[in-house]
A.B. asks: 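This structure is in structure tokens; I'll ask about it shortly.
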Amino acid sequence: MPGRSDEQRGRRRLRLGMVGGGAGALVGPLHRMAARLDDRYELVAGVFSSDPLRSQLTARELRIAPERCYADFAQMAYRESLRADRIDVVTVVTPNHLHHAVASIFVGTGTHVICEKPMTKTVAEAQELVTAVERAGVAFAVAHHYAGYRMVREARALVADGALGRVRAVYVEYLQDWLHDAAESGSAKQAQWRTDPERSGIGGCVADIGSHAFHLAEFVTGLEIVGLASEVVSFVAGRRVDDHVSALLRFSNGARGVLAASQVACGSSNGLAIRVSGEKGSLRWLQEYPNDLEFTVCGAAPRRLTRGGPGALGAPGRTPAGHPEGFIEALAQLYTDFAEQIHARQASLPVVPAVAWVPTVRDGARAMQFIHAALESARRSGAWVGIDPAAGPEAGRGA
Ligand SMILES: NC(=O)c1ccc[n+]([C@@H]2O[C@H](COP(=O)([O-])OP(=O)(O)OC[C@H]3O[C@@H](n4cnc5c(N)ncnc54)[C@H](O)[C@@H]3O)[C@@H](O)[C@H]2O)c1
């Protein structure tokens, strides 16, 4: 958290627009909460649904001025770009198939973008977006929000400080159970579009949550995953995308890894977990206990580091140690760091390392490469497939 308030620094709140996140949406409302948490943004414009009436109802509930609730995202991008008080940032929280079109049009008008994952439907679209973002000089964040958890950052700092020695092995898993049956044949729209390749992209589980596991493994270790061998399965009869993936990983330093993601793992809600094992020690973090990090020096008893507690390296967070922080705070951290990045750009100052850990358009492109590599490997009966370091994560990893 910065020491002085925005008001003390003479900085206004950033004007935020949103595409998606209408009534009944899952993640859009969480983004709105996260954007408000540190008071860096005000939501002033949007298209919240493909249905104009539903969009207007949401806009009214959110106290958006009627003239800034637009008929569609193309109209929004154009009309906002003509206003003196135009939006600074847009959040894209639509189903996956729209991310590329929405993000591209706002990048084209010089608007900074926060985009949900998976960033696009294809690797080619992702590469196009990388080029467009770098050419336009806008800031672009991808919502792998686990990178905002204090103890995930603590884990990354421990690895970077050499506390584990050379990393040897990484075990990362993301297990859910909400698609354990044919939920898509009922009324749950989130299940319907996620299992429709036209709207989800070619990956099901591998894209929806495997991409988070992939990003987390690279984020915590600071290493690139350079290849994988995978098996991708659809357990539910008639399902058109995968719902379960297992992959062996190879890292840029020679470390090995295992990634497991499933949406049919009964008993698991959002079981994201990572273990990293090195020559000198290991660590373990579980999303369902996000304020704790287990750290073990080889041969000694495991230590439980807590957010803001004794021995923790990083800043304590928003609430005192022992009062838990969670998903909203992690996402809020990305919003706040992103706001700092934008203010730095506006003042022509460099982005300081403390706020550079927001996943970037290049991280989004790497996750797309992972999805395609996992599916390609599975098609080739588990053959090893390389992940191109050219779309490397270095720009998004901060110091
Ligand atoms: N980071 C995370 O942990 C996380 C969690 C959930 C979802 N997601 C991602 O967020 C995105 C949204 O997922 P969700 O579960 O909230 O979906 P959802 O179906 O609940 O919500 C999607 C919203 O987009 C709106 N929409 C659809 N077409 C539109 C258009 N043309 N213009 C404007 N709005 C439109 C819908 O009306 C709806 O309000 C997906 O890409 C998903 O992968 C990420």
Side-chain angles (χ1 to χ4, degrees), residues 17-34 45-59 61-62 64 69-77 90-103 105-106 113-121 125 141-149 152 174 176 178-179 183-184 187-196 198-201 203-216 241 261 263 269-272 287 290 326-328 330-335 358-359 363-364 367-368 371:
M18 180 169 275
V19 181
L26 177 63
V27 91
L30 303 181
H31 276 263
R32 292 196 285 269
M33 288 179 218
V47 186
F48 301 97
S49 166
S50 53
D51 172 348
L53 271 181
R54 290 172 71 88
S55 181
Q56 282 159 20
L57 281 177
T58 301
E61 276 173 20
L62 296 172
I64 306 288
C69 174
Y70 297 94
D72 58 53
F73 61 83
Q75 186 193 73
M76 174 174 161
V90 67
T91 293
V92 185
V93 279
T94 61
N96 305 346
H97 66 297
L98 293 168
H99 294 176
H100 176 257
V102 179
I105 205 161
F106 280 97
V113 177
I114 298 173
C115 184
E116 262 302 346
K117 44 48 60 177
M119 187 171 80
T120 55
K121 269 177 81 178
E125 283 181 356
V142 180
H144 291 298
H145 61 273
Y146 310 97
Y149 279 112
V152 168
Y174 198 157
Q176 296 181 332
W178 70 292
L179 293 176
E184 59 267 41
S187 60
K189 63 176 184 163
Q190 284 86 9
Q192 289 167 1
W193 72 252
R194 278 180 174 78
T195 53
D196 171 4
E198 286 301 311
R199 291 181 286 170
S200 67
C205 170
V206 67
D208 200 32
I209 56 175
S211 62
H212 277 316
F214 171 84
H215 178 263
L216 185 66
V241 295
Q263 293 180 309
S269 304
N270 272 293
L272 175 63
Q287 202 223 182
F327 185 102
I328 302 292
L331 187 54
Q333 190 60 48
L334 297 191
Y335 269 88
V358 180
D363 292 308
M368 290 310 302
I371 294 162

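In listed order, ligands and their atoms are each counted from 1. No hydrogens, no waters, no symmetry mates; every other heavy atom, side chains included, goes into these values.
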A.B. asks: Does the N or O separation between A143 and ligand 1 drop below 3.5 Å for any pair?
C.D. replies: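 Yes, A143 has an N/O under 3.5 Å of an N/O on ligand 1.
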A.B. asks: Just jot down the ligand 1 atoms closer than 4.0 angstrom to any heavy atom of A25, in number order.
C.D. replies: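 Reading through ligand 1 atom by atom, the close ones are 20 (O), 21 (O), 39 (O).
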A.B. asks: Does at least one non-hydrogen atom of Y146 fall below 4.0 angstrom from an atom of ligand 1?
C.D. replies: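 So Y146 counts as touching ligand 1.
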A.B. asks: For the aromatic rings, using the six-membered ring if either is Trp, is the centroid distance between Y146 and H212 under 6.0 Å?
C.D. replies: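 Between Y146 and H212, the centre distance is under 6.0 Å.
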A.B. asks: If we only count N/O pairs under 3.5 Å, is G22 in contact with ligand 1?
C.D. replies: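 It does: an N or O of G22 is found under 3.5 Å from an N or O of ligand 1.
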A.B. asks: Given that the side chain starts at C-beta and the backbone is N, CA, C, O, which of these parts of D51 lies under 4.0 Å from ligand 1, counting heavy atoms, or is it both or neither?
C.D. replies: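 Neither; no heavy atom under 4.0 Å.
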A.B. asks: Quick check: does V27 get an N/O under 3.5 Å from an N/O on ligand 1?
C.D. replies: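 Yes: some nitrogen or oxygen of V27 is under 3.5 Å from one in ligand 1.
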A.B. asks: To the nearest 0.1 Å, how far is atom 35 (C) of ligand 1 from its closest protein heavy atom, and which atom is that?
C.D. replies: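 Looking at atom 35 (C) of ligand 1, the protein heavy atom closest to it is S50 N, 3.6 Å.
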A.B. asks: For atom 20 (O) of ligand 1, what's the nearest protein heavy-atom neighbour? Residue, atom name and distance, please.
C.D. replies: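 Nearest neighbour among protein heavy atoms for atom 20 (O) of ligand 1, to 0.1 Å: Q190 NE2, 2.5 Å.
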A.B. asks: List the residues meeting salt bridge (Lys or Arg N to Asp or Glu O under 4.0 Å) with K117, not counting sequence neighbours, and say none if there are none.
C.D. replies: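 In terms of salt bridge (Lys or Arg N to Asp or Glu O under 4.0 Å), with neighbours along the sequence ignored, K117 is linked to D208.
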A.B. asks: Does even one non-hydrogen atom of H212 get within less than 4.0 Å of ligand 1?
C.D. replies: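 Contact present.
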A.B. asks: Among all protein heavy atoms, pick out the one at the shortest distance from atom 3 (O) of ligand 1; state its residue, atom name and that distance to 0.1 Å.
C.D. replies: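 Residue, atom and distance for the closest contact: H145 CE1, 2.9 Å.
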A.B. asks: Among all residues two or more places apart in sequence or in another chain, which pass the salt bridge (Lys or Arg N to Asp or Glu O under 4.0 Å) test with D51?
C.D. replies: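 Per chain and number, D51 pairs via salt bridge (Lys or Arg N to Asp or Glu O under 4.0 Å) with no residue.
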A.B. asks: Out of all atoms in ligand 1, which are within 4.0 Å of some heavy atom of D208? Include the element for each.
C.D. replies: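 Those atoms are 43 (O).
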A.B. asks: Would you mind running through ligand 1 and noting each atom that sits below 4.0 Å from a heavy atom of G20?
C.D. replies: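 So the atoms of ligand 1 that pass are 24 (O), 25 (C), 33 (C), 34 (N).
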A.B. asks: Students should be able to answer this: which protein heavy-atom is nearest to atom 23 (C) of ligand 1, and at what distance?
C.D. replies: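 The closest heavy atom on the protein side is G21 N, 3.6 Å.
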A.B. asks: Would you mind checking which non-hydrogen protein atom is closest to atom 11 (C) of ligand 1, with the distance to 0.1 Å?
C.D. replies: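 Nearest protein contact, heavy atoms only, for atom 11 (C) of ligand 1 is T94 O, 3.2 Å.
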A.B. asks: Are any of the N/O atoms in L26 less than 3.5 Å from those in ligand 1?
C.D. replies: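 Yes; the residue has a nitrogen or oxygen that sits under 3.5 Å from a nitrogen or oxygen of the ligand.
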A.B. asks: Tell me the nearest of K189, H97, K117, M119 to atom 38 (C) of ligand 1, using heavy-atom distances.
C.D. replies: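 Ranked by closest heavy atom to atom 38 (C) of ligand 1, first place is K189.
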A.B. asks: Can you establish whether the number of heavy atoms outside E198 located under 6.0 Å from its atom CD is more than 12?
C.D. replies: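 Not buried by this count: 12 neighbours or fewer within 6.0 Å.
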A.B. asks: Provide, to 0.1 Å, the distance between atom 13 (O) of ligand 1 and the closest protein heavy atom, together with that atom's residue and name.
C.D. replies: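 Answer, as residue, atom name and distance: W193 CZ2, 3.5 Å.
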A.B. asks: Using a 4.0 Å cut-off to any heavy atom of P95, which atoms of ligand 1 qualify?
C.D. replies: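 By the 4.0 Å cutoff, the relevant atoms are 22 (C), 24 (O), 27 (C).
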A.B. asks: With atoms numbered from 1 as shown, which atoms in ligand 1 lie under 4.0 angstrom from a non-hydrogen atom of H99?
C.D. replies: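 Per the distance check, 41 (O).
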A.B. asks: Between L98, L30, D72, which one has a non-hydrogen atom sitting closest to atom 28 (N) of ligand 1?
C.D. replies: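 That would be L98.
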A.B. asks: Against heavy atoms of V93, which atoms of ligand 1 measure under 4.0 Å?
C.D. replies: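 Within the 4.0 Å cut-off of V93, ligand 1 contributes 12 (C), 22 (C), 23 (C), 24 (O).
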A.B. asks: Could you tell me whether the side chain of R32 and the main chain of L62 form a donor-acceptor pair under 3.5 Å?
C.D. replies: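 No, because the side chain of R32 does not come within donor-acceptor range (under 3.5 Å) of the backbone of L62.
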A.B. asks: List the closest protein heavy-atom neighbour of atom 41 (O) of ligand 1: residue, atom name, distance to the nearest 0.1 Å.
C.D. replies: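 Of the protein heavy atoms, N96 OD1, 2.6 Å lies nearest.
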A.B. asks: Using modelled atom types and a 3.5 Å cut-off, is there a donor and acceptor pairing between side-chain atoms of H144 and backbone atoms of L216?
C.D. replies: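 Such a contact is absent between H144 side chain and L216 backbone.
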A.B. asks: So which bit of Y174 gets within less than 4.0 Å of ligand 1, heavy atoms only: side chain, backbone, both or neither?
C.D. replies: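 Neither; no heavy atom under 4.0 Å.
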A.B. asks: Number the atoms of ligand 1 from 1 as they appear, then name those within less than 4.0 Å of a heavy atom of F48, with their elements.
C.D. replies: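 Result: 25 (C), 34 (N), 37 (O), 39 (O).
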A.B. asks: In the protein, what heavy atom is nearest to atom 10 (O) of ligand 1, and what distance, to one decimal place, separates them?
C.D. replies: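 For atom 10 (O) of ligand 1, the nearest protein heavy atom is E116 CG, 3.1 Å.
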A.B. asks: Relative to atom 7 (C) of ligand 1, which among M18, H31, R194 owns the nearest non-hydrogen atom?
C.D. replies: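 Looking at heavy atoms only, the winner is R194.
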